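One structure is given here, and the rest of the page talks about it.
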Number of protein chains: 2
Amino acid sequence: MDLRTLETLRAVRSQGGVTAAAAVLHLTPSAVSQQLAGLTAEMGVPLTERVGRGLRLTPAGTALADAAVDVAVAVERARAACQGHRDSPVGTVRVSAFQSAAQLVFPRLLDAVAGWDGVTLECADEDVALADFPDLTDRFDVVVAHRPDGAADWPPGVRVVPLFREPLDVAVSPGHRLAGRAEISPEELADEAWITVREGFPVAPVLAAVAARSGAAPRIAHRINDFTVATAMVAAGHGISLLPRHTTPAFPGVRLLRLTGVPAGRRVEALLRPDRAERRVVARVVGVLTELAAEIDHRAGRGV
Amino acid sequence: MDLRTLETLRAVRSQGGVTAAAAVLHLTPSAVSQQLAGLTAEMGVPLTERVGRGLRLTPAGTALADAAVDVAVAVERARAACQGHRDSPVGTVRVSAFQSAAQLVFPRLLDAVAGWDGVTLECADEDVALADFPDLTDRFDVVVAHRPDGAADWPPGVRVVPLFREPLDVAVSPGHRLAGRAEISPEELADEAWITVREGFPVAPVLAAVAARSGAAPRIAHRINDFTVATAMVAAGHGISLLPRHTTPAFPGVRLLRLTGVPAGRRVEALLRPDRAERRVVARVVGVLTELAAEIDHRAGRGV
DNA sequence: AGGTCCATGTAGCCAGTCTGCAAGGACAGT
DNA sequence: ACTGTCCTTGCAGACTGGCTACATGGACCT
C-alpha cells in the first residue's frame with residue numbers, strides 16, 4: 001500500500017490500460033503490472049479483470065481508486081501545510097493549453113512567473129478532442145481547455161476553474177459579399193462553404209447549432225484545427241469560419257462579424273486533478289491565470 | 001514523502017523523541033533519524049528542533065503531522081473501501097485494557113471473535129496513568145481506558161468510543177463497623193484508612209472529591225493499583241477502598257456500600273487512533289466491545 | 001569531571017523495485 | 001482458418017533505497 005502504487009492504480013483507470021498508464025508514469029508496462037499484482041495480493045481482492053486484450057478495474061478496484069484520490073489530496077494538503085511555514089511556494093508546474101489560448105496566455109504567464117524564485121513553468125500546447133481533455137490532467141498540473149456553450153460538464157473527479165467565456169464570430173475575407181456587415185444572422189449563411197475543426201473538437205457543435213438555425217446542413221469545405229491556418233485560409237477567400245473573437249490572430253483584412261439570434265461561444269477553463277490542485281505553487285499559477293482571464297474579459301467588454 | 005515516513009513523524013511527535021518512536025515502530029533510532037532528515041530535505045523546512053538532549057517538532061513539523069493524520073485516515077478508508085468488496089473483514093487487532101476491564105472483557109471478546117475466520121485478536125493488559133492512555137494508541141488498535149467522573153476530556157486527535165459508566169462503591173471488610181450498611185455518606189468516612197491507587201491513576205481524583213466532602217484530607221494507608229490485591233487487603237481488614245462496582249472481583253465477605261450525596265464513578269471508554277479506527281476489523285471489534293458494554297450496563301440496571 | 005542518555009552521522013548489507021526479454025491470449029485482416 | 005499485431009504477464013538480473021550496527025558529538029545530572 002504505497003502512494004506510488006495508488007497513483008499507478010489511478011493511472012490505469014484513467015488511461016484505460018497498463019501500457020498507457022506506464023507511458024504516463026514513465027515506467028515499463030511490466031513495472032505497472034507488478035505493482036498491480038502486489039496491490040491485489042495485499043488487498044486480497046481482485047482489482048482488475050481482463051476484458052479482451054485490455055484491462056478494466058473491478059468494482060473493488062474502482063472503489064480503491066476513488067479512495068486513492070482522497071489519499072492523494074490529503075498528501076498534497078499535508079505538503080501544502082508544510083510549505084505554508086515556508087516563505088513562498090516553490091516547485092515546477094506543468095501547464096498545457098490548446099493552441100489559441102496558449103498563444104494568448106503563455107507569454108504573459110511566463111512574464112508573471114519570471115520574478116518568482118524557485119518556480120519553474122513548463123508549458124506545452126496540447127489540442128485534443130473534447131473528451132480527451134480530462135485525461136491530460138494526468139500529465140499536466142494545469143490543463144487549459146475549452147468547451148462549447150451547451151456542452152456537457154466535465155466528468156466528476158476533475159477540478160474546474162472557469163477562466164473566461166469567448167464569443168465565436170463569423171470570419172470572412174475582405175472580398176466576401178458580407179464583408180461590410182457588422183452583424184449577421186444564421187439564416188444568411190445557408191450556402192456558405194465552411195472551414196471548421198476536426199470532428200469531436202470543441203467548437204464543432206457550435207457550427208452545428210448555427211447551421212441548424214439556417215435550416216440546412218453546413219457545407220464543410222475544409223477541416224483545419226489550427227486557427228492561425230484557418231484564418232489564413234479565410235483571408236485568402238477559401239471559405240468562412242467560426243472563430244473565437246479574442247484569440248483569433250490579427251490577420252490583415254479578415255473581418256469578424258457578430259452572430260445574432262444564436263448564442264455562439266466557448267468557455268475556457270482550467271482543468272486540474274484534485275491532488276495537483278492542492279499544491280500551493282499550482283494554486284498560485286492558477287491564481288495568475290484567473291487574473292489574466294479577468295483582464296481578457298474586461299478588455300473585451302465582457303464579451304457578448 | 002512516504003506513508004511510513006509520515007507515520008514515523010507522528011510517532012516522534014506522540015512519543016516525544018527519536019528513541020521512543022523507534023521503539024514503537026520497531027526500528028532503530030538511526031533509521032528514524034534518517035527518515036526525519038530525508039523528510040526535512042524534501043519539505044525544505046526544518047521539521048524538528050533540538051531541545052535539551054531531546055527533540056521537538058517545529059510548527060511546520062506539527063502542521064505536517066496533523067495533516068499526516070488525515071493521510072493515514074484516507075489510506076485506511078481506502079483499504080476499507082476495498083475490503084468492503086470482500087466477504088468479511090480480516091486481520092489482526094491489538095487490544096489493550098486496564099486490569100479490571102481486561103478481566104471482564106477479554107474472555108468474552110475472545111469468545112465472540114473465536115468464530116471469525118481470519119481475525120486474530122492480540123490482547124494485552126496495560127494499566128497506566130491517566131495521561132498516558134492516549135499514547136498507548138500508538139501500540140494498540142483499541143485501548144480500553146478509564147477516566148474518573150469530571151476528569152478532563154481526552155486530548156484531540158484520539159477517537160473515543162464510550163463503553164459504560166461504572167459507579168465506585170466503598171468496599172469494607174465483613175468485620176468493619178459499617179459492614180451492615182447498604183449506603184454510606186462521605187461524612188461518615190472521615191477517619192477511615194484508605195487503600196487507593198498510585199498518584200495520577202484514574203480513580204485517585206474521585207477519592208479526593210469524596211474526601212473533600214468529608215472535610216478532612218483522606219488518610220491513605222496503602223497505594224495498590226491492582227484491584228484484586230486491593231480487594232484482598234480490604235477483606236483482611238487493612239483498610240477501606242473505593243472500588244468499581246461491576247469489575248471488583250468477587251471476594252468472600254467484602255461488602256460494597258453505595259455512596260450517597262456525591263457522584264462517584266468512572267467512565268470506561270475505548271480509545272483509538274483515527275486511522276486505526278477506519279480499519280473494518282477494528283470497527284467490528286469495537287462493535288462487539290460496545291455490545292458487551294451494553295450488556296454490562298443492562299445487567300447492572302444502568303448503574304446509579 | 002565523569003557518567004549517562006539522546007540524537008546523528010557512516011559503512012555495509014539486504015530487500016524491494018525497475019528494466020529487458022520472452023511467453024501467452026485476444027482481436028483483426030487476409 | 002491462419003497469421004500478424006497488440007496487450008498483459010511472468011522471469012532473471014541490476015540497482016536504488018532503507019535499515020542495522022557501530023561510532024561520534026552534545027547536553028543533562030551527580
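These figures come from a predicted structure and were not determined experimentally.
Here B/G38 lies out of heavy-atom contact (under 4.0 Å) with every strand.
When each of C/dC27, D/dG26, D/dT9 is scored by its nearest atom to the side-chain atoms of A/R53, the top-ranked nucleotide is C/dC27. Of the candidate nucleotides C/dA11, D/dG26, D/dT8, C/dA11 has the atom lying nearest to any side-chain atom of B/Q34. Closest to the side chain of B/Q35, from the set D/dA21, D/dC19, D/dT9, is D/dC19. Of the candidate nucleotides D/dC7, C/dT8, D/dA21, C/dT8 has the atom nearest to the side chain of B/S33. Relative to the side chain of B/A31, the nucleotides D/dC19, C/dT19, C/dA7 differ in distance, and D/dC19 lies closest. Proximity note for B/S30 (side chain, C-beta onward) versus D/dC22, D/dT5, C/dC18: the nearest is D/dC22. Comparing D/dT9, C/dC18, C/dA7 against the side chain of A/R4 picks out C/dC18 as the nearest.
A side-chain donor-acceptor contact under 3.5 Å links A/S100 and A/R266. For the residue pair A/E49 and A/T58, no side-chain donor N or O sits within less than 3.5 Å of a side-chain acceptor on the partner.
Remark: P of C/dC6 and CD of B/Q15 are 13 Å apart, rounded to the nearest angstrom. One atom, CG of A/L55, and another, P of D/dG10, lie 12 Å apart when rounded to the nearest Å. Put simply, CG on B/D2 is 14 Å from P on C/dG16, counting in whole angstrom units. Atom CG of A/L27 and atom P of D/dT9 are 15 Å apart (whole Å).
The side chain of B/T28 places no N or O atom within less than 4.0 Å of a non-bridging phosphate oxygen (OP1 or OP2) of D/dA21.
Residue A/P29 is the one, among A/R50 and A/P29, whose nearest nucleotide of DNA chain C lies closer to the 5' end (criterion: closest heavy atom).
Of the charged side-chain nitrogens involved, none lies within less than 4.0 Å of a carboxylate oxygen, so that B/R94 and B/E122 do not count as a salt-bridged pair.
Ring geometry, B/F98 versus B/H146: the interplanar angle falls under 30°, so the pair is classed parallel (tilted spans 30 to 60°).
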